[in-house]
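Comments concern the structure below.
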Amino acid sequence: MEIFLQQIINGLVQGSVYALVALGYTMVYGILGLINFAHGEVVMMGAMISLSALTALIGIGLSPLLALPLSLMLAMAGCMALGYGIERIAYRPLRHAPRLAPLITAIGVSIVLQNLAMMIWGRDYHSFPQLFANRAHQIFGAIISDIQLIIVIAALCIMAGLMLLVHRTRLGRAMRAIAENQHAAQLMGVDVNRVISITFMIGSALAAVAGLMVSANYGLAHYYMGFLLGLKAFTAAVLGGIGNLRGAMLGGLLLGLIESLGAGYIGDITGGFMGSQYQDVFAFLVLIAVLVFRPAGLLGERLAERA
Amino acid sequence: MSLRFVGSLLFATLLLAACGKSATDHASNLLTVRIGAAAPLTGPQAHLGKDNENGTRMAIEDANAKGIVIGGKKVHFELVSEDDQADPKTATIVAQKLVDDNVSGVIGHLNSGTTIPAAKIYSDNGIPQISPSATAVAYTHQGFKTAFRVMANDAQQGQALGMYAVKNLGAKKIAVIDDRTAYGQGLADEFIKAATAAGAQIVAHEYTSDKSVDFTAVLTAVKAKQPELLFYGGMDAQGGPMARQIKALALNVKFMMGDGGRTPEFIKLAGDSAQGVYASLPGVPLEKMPGGKDFSRRYEAKFNQPIQLYAPYCYDAVNVMIAAMQKADSADPAKYLPALANISHDGITAKIQFDDKGDLKGGAVTLYQVQQEQWQALETVGAQ
């Protein structure tokens with residue numbers, strides 16, 4: 001029983017990270033219909049910047065409790081600038097081009113960012129400093145650490161905040177208007193370019209938070225870390241219904257749970273015929289099954305609710 | 001075609017350092033020999049790949065400084081370094097590119113998974129290949145005359161690890177995780193063979209990939225089986241976070257890895273969870289290598305970082321290749337290949353001689369443990 005509970009906790013922690021990154025994909029897709037493949041790399045940049053800032057700040061003798069939020073803010077600022085730049089340089093000129101063109105530039109931006117990070121931070125793995133005792137809590141025999149607890153709670157808070165932003169504020173209304181019809185929104189006096197830029201910046205700020213969480217949890221940062229994470233988060237977004245905020249959350253948490261339960265029990269279920277090497281296969285099988293029966297993803301894509 | 005034209009053409013070739021092996025310039029009597037190197041220079045194992053490239057580069061620069069003469073001509077060795085991304089498919093493309101670049105020999109690849117498919121391409125083109133680090137048994141057992149390695153293979157390594165786990169550490173219930181690469185899987189299989197032969201029971205065999213960072217699910221599955229020792233067949237980039245997660249999940253096991261985990265990077269990544277972890281490395285400890293101390297000092301001075309793992313083996317691989325060229329008095333692969341097969345060379349890692357398969361004769365394996373954030377040698381098995 002405690003093993004089962006532990007697998008649920010593993011899945012929730014992993015799923016919260018996926019969900020947080022998936023939100024970035026889904027926000028951009030909801031408004032622009034564009035898959036921002038560079039998003040995983042923005043997460044990596046967030047992790048790298050916060051790690052460098054953290055090391056530097058602690059180096060000059062700041063207390064970790066002060067250095068951590070400060071470096072998170074620096075990383076968020078850095079990623080927001082990056083997100084703005086990416087949109088301005090790589091996507092805006094192609095906004096009315098065929099859909100394939102921005103997809104290709106997205107992949108291009110992702111490669112550029114990866115190599116840029118390799119040039120700045122090198123090929124080495126960077127270990128995340130142990131700032132405070134990462135205490136472990138027992139829940140019915142299963143173990144969850146401080147950092148993991150923070151990840152799950154922070155992810156839930158951020159998701160709730162984002163829902164409020166989209167559904168309760170002027171900016172959110174503008175986002176939804178653009179999602180519905182860009183031209184009509186423009187005619188109604190919405191500054192389309194500004195709102196799209198802000199969307200990218202919010203998504204990138206979330207990516208910075210996710211980057212810091214991932215590297216704190218696994219204790220490392222590396223210029224290549226965004227690739228797999230981006231791929232998984234994208235899968236999560238599609239699973240839940242890309243373009244839909246609640247779908248991204250659901251998809252992320254679900255993917256995390258499927259992965260951990262799949263890896264944990266697939267061997268026992270199939271009597272050793274299939275082992276945990278089929279963990280990813282399992283996750284993608286679920287994705288395919290969902291797409292066959294619900295092509296728009298679990299929560300569909302209700303136009304008015306996009307963004 | 002007039003002789004003058006041929007002469008100027010050759011001169012131009014040399015000047016541009018463009019195509020053509022052994023481009024000779026009659027005027028200065030200079031012979032350019034290209035040596036290929038292939039390792040992952042990007043991706044999760046880029047730190048190890050760069051380490052290999054550095055070791056190879058150092059050997060080539062040393063050889064150039066020595067002013068080696070082959071066939072009456074002074075030789076300039078040139079490094080052609082390629083990135084195989086630790087990916088078997090890319091490795092074959094890179095191998096073909098090196099062949100097309102007319103290299104006289106290849107130092108590489110780093111991973112077993114890339115070395116094995118690339119070996120066929122080098123063999124088809126008659127180009128000698130010395131891997132500094134591919135330990136999978138299959139590499140030299142494909143029947144290729146051109147494949148060599150300067151490190152003990154996984155049969156020897158898995159044997160040493162399995163015996164140590166059961167005999168010295170007293171483990172009776174053992175769990176195994178591997179990363180499904182040719183290296184990780186091969187080493188895990190050899191480990192299992194040795195451990196079960198020594199009387200232990202394998203209670204779980206789980207899998208991950210060489211790109212993962214989250215192992216909590218498989219580790220929880222392992223925890224359910226209550227093993228005393230966990231063996232991971234894979235590299236440091238996964239082993240480090242895995243060690244942390246073992247501690248975080250309160251999994252009470254001894255943790256053991258092969259050579260892929262015995263790096264300074266592992267200790268950095270695992271943090272305080274590195275303490276007490278076991279790993280092996282073919283060969284004797286660096287400080288006990290004939291030229292180990294001197295090499296490590298020069299490496300650090302030159303590249304401003306410590307040796308990760310295989311750099312000394314790359315250095316030796318280059319030198320063995322050059323020694324064979326000198327012995328045959330030719331840089332032509334067809335001519336120096338027989339000399340390479342019969343070479344006896346005092347390298348910095350060991351005395352290098354190959355058996356009929358191209359494996360290192362009498363390869364030693366050393367077991368290490370992390371103590372006070374350092375890899376400490378415990379014992380060496382099978383030394384000459």
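In what follows, chains are A, B, ... by sequence order, proteins preceding strands, each numbered from 1.
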The single option from B:Val176, B:Ile174, B:Ile177 that satisfies side-chain contact (heavy atoms from CB on, under 4.5 Å) with B:His205 is B:Val176
Ranking A:Leu220, A:Ile144, A:Asn115, A:Ile9 by heavy-atom pairs under 4.5 Å to chain B gives rank one to A:Leu220
Check: Is atom CD of B:Gln226 surrounded by more than 12 heavy atoms (other residues, nucleotides or ligands) closer than 6.0 Å?
Finding: no
Within residues 239-255 of chain B, the residues sitting under 4.5 Å from chain A by heavy atom, in sequence order, are B:Pro241, B:Arg244, B:Gln245, B:Ala248, B:Leu249, B:Ala250
Comparing B:Ala237, B:Ala46, B:Pro44 against chain A, the one with the most heavy-atom pairs below 4.5 Å turns out to be B:Pro44
So, the part of B:Leu219 with a heavy atom under 4.5 Å from chain A: the answer is neither
_Looking only at side-chain N and O atoms, does A:Tyr223 offer a donor or acceptor that is under 3.5 Å from a partner on A:Gln114?_
no
| query | Around B:Glu373, counting heavy atoms of other residues, nucleotides and ligands shown, do more than 12 lie under 6.0 Å from its CD? | reply | no
_Can a side-chain donor-acceptor contact be found between B:Gln45 and B:Asn111 if the only test is distance below 3.5 angstrom?_
yes
Electrostatic pair B:Lys97:B:Glu82 at N-O distance under 4.0 angstrom
yes
From the list A:Leu82, A:Asn36, A:Val43, A:Val42, side-chain contact (heavy atoms from CB on, under 4.5 Å) partner of A:Ser204 resolves to A:Val42
Under 4.5 Å to a heavy atom of chain A? For B:Thr220 that would be both
Among A:Gly262, A:Ser260, A:Gly219, the residue with the most heavy-atom pairs under 4.5 Å to chain B is A:Gly219
- request: Report the C-alpha distance between B:Phe295 and B:Tyr315 in whole Å, list the side-chain angles of each, state the deciding distance to 0.1 Å, and finish with yes or no for ring-ring contact (aromatic ring centres under 6.0 Å, His included).
  value: CA-CA 9 Å; B:Phe295 178 78; B:Tyr315 188 85; 5.0 Å; yes
Interface check, chain A: of B:Asp214, B:Leu269, B:Val218, B:Val213, most non-hydrogen pairs under 4.5 Å belong to B:Asp214
Under 4.5 Å to a heavy atom of chain B? For A:Leu228 that would be side chain
From the list A:Gln6, A:Gln14, A:Gln7, the residue making the most non-hydrogen contacts under 4.5 Å with chain B is A:Gln7
Under 4.5 Å to a heavy atom of chain B? For A:Phe128 that would be backbone
So, the part of B:Thr42 with a heavy atom under 4.5 Å from chain A: the answer is both
Honestly, the part of B:Glu206 sitting under 4.5 Å from a heavy atom of chain A is both
Honestly, the part of B:Lys50 sitting under 4.5 Å from a heavy atom of chain A is side chain
Taking everything shown except A:Phe227 itself, do over 12 heavy atoms lie less than 6.0 Å from its CZ?
no
If one checks every heavy atom of B:Ala270 against chain A at 4.5 Å, the contacting part turns out to be neither
In short, B:Lys268 meets A:Ser127 closest at the heavy-atom pair O-CB, 3.2 Å
